[in-house]
Trainee: 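Sharing a structure with you now.
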Amino acid sequence: HTQYRDRTVRTHMLEVQLARAQLQFLGLQLQPHFLFNCLNAISELAHEAPVAAERMLRQLHTLLRLSLERVGQDEVTLEEELASLDPYFDIQRARFSEWLTVQLEIEHGARLALVPHLILQPLVENAIRHGLAVRSAPGTVGVRAWVNGARLHLEVLDNGVGLAPTRTSFRPGIGLKNAKNRLTQLYGDDHRFAL
């Protein structure tokens, strides 16, 4: 009986370690994706708008510092997640200038809720890249958060072009797949992720 109990405990500990390793791998996968996109944007601006490119580099530095400070943390408060989203929004504002408006509607009670670290950034990036970047007019990205019962609801919205009605399916990119996988690793079936 003691051997069975010890083996069961070791098995559970290994499962927890595996889940943590998978979460860390997903986090490492996400950061290069964002970093390459950001560096491409800075590269585009370097010759035509060097002041904007320099500002973007400073914001990227801030964003990477915040990200590295939280390495190994599976969850952070929504307040901390929003703070790490600020430099990202600044980077995008430098890139799109007056073409991008950001609206945050965060219920006070939601700010202390725990969320996966860097869960909002790929969703916002997706909204800008696929919704607003192809628009021919200024656009808005909104982030909403509220608590309903014991559930935190997060929503990223944009007033971009949307999915083409002729498309019968949508293949999510690395950022959306990564977000979905991280939610599944942390919460199993106890979450909902919808596009």
Trainee: Give, for atom CD1 of I119 and atom CG of L85, the distance between the pair rounded to the nearest 0.5 Å.
Mentor: 12.0 Å

Trainee: CD1 of I128 to CZ of F89: how many Å apart, nearest 0.5 Å?
Mentor: 6.0 Å

Trainee: May I have the step-by-step check of side-chain contact (heavy atoms from CB on, under 4.5 Å) for V115 and E75, ending in yes or no?
Mentor: CA-CA 5 Å; V115 298; E75 295 175 304; over 6 Å; no

Trainee: Any non-hydrogen side-chain atom of F193 less than 4.5 Å from a side-chain atom of L123?
Mentor: yes

Trainee: For P87 and S84, which heavy atoms make the closest approach, and how far apart are they?
Mentor: CD-O, 3.5 Å

Trainee: Does any part of the side chain of V156, heavy atoms only, come nearer than 4.5 Å to the side chain of D158, both counted from C-beta?
Mentor: no

Trainee: Just wondering, do L114 and V76 contact through their side chains at under 4.5 Å, heavy atoms?
Mentor: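 Contact flag for V76/L114 side chains = no.
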
Trainee: Are L157 and L154 grouped together when hydrophobic residues (ILVMFWY) are joined by side-chain heavy atoms under 4.5 angstrom apart?
Mentor: no

Trainee: Does some side-chain heavy atom of D190 sit less than 4.5 Å from a side-chain heavy atom of R151?
Mentor: yes

Trainee: Please answer whether the main-chain N or O of V143 pairs with a side-chain N or O of E105 as donor and acceptor at a distance below 3.5 Å.
Mentor: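 Looks like no, no N/O pair under 3.5 Å.
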
Trainee: Can you find a pair of side-chain heavy atoms, one from E81 and one from R111, that are under 4.5 Å apart?
Mentor: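 No, too far: nothing below the 4.5 Å cut-off.
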
Trainee: Ignoring hydrogens and angles, tell me if any N or O in the side chain of Q121 forms a donor-acceptor pair with the backbone of L118 under 3.5 Å.
Mentor: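 Pair absent, no side-chain N/O of Q121 close to backbone of L118.
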
Trainee: Taking the side chain as C-beta and beyond, is there a heavy-atom pair between P116 and L183 under 4.5 Å?
Mentor: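 Yes, side chains in contact.
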
Trainee: For a 4.5 angstrom cut-off between non-hydrogen side-chain atoms, does V147 reach H153?
Mentor: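 No - every pair of side-chain heavy atoms lies 4.5 Å or more apart.
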
Trainee: Verify the cluster assignment for L104 and W146: are they in a single hydrophobic cluster under the rule of side-chain heavy atoms below 4.5 Å apart?
Mentor: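 No, because L104 and W146 fall into different hydrophobic clusters, even though each may have its own neighbours under 4.5 Å.
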
Trainee: Where do V124 and Y88 come nearest, in terms of heavy atoms and distance?
Mentor: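 The answer is CG1-CE2, 3.6 Å.
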
Trainee: Nearest 0.5 angstrom please: L112 CG to T77 OG1, how far?
Mentor: 6.5 Å

Trainee: Got L120 and L78 here, is their nearest side-chain heavy-atom distance under 4.5 Å?
Mentor: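 Contact flag for L120/L78 side chains = yes.
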
Trainee: Would you find a donor on one side and an acceptor on the other, under 3.5 Å apart, between the side chain of S43 and the backbone of L39?
Mentor: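 Answer holds: no.
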
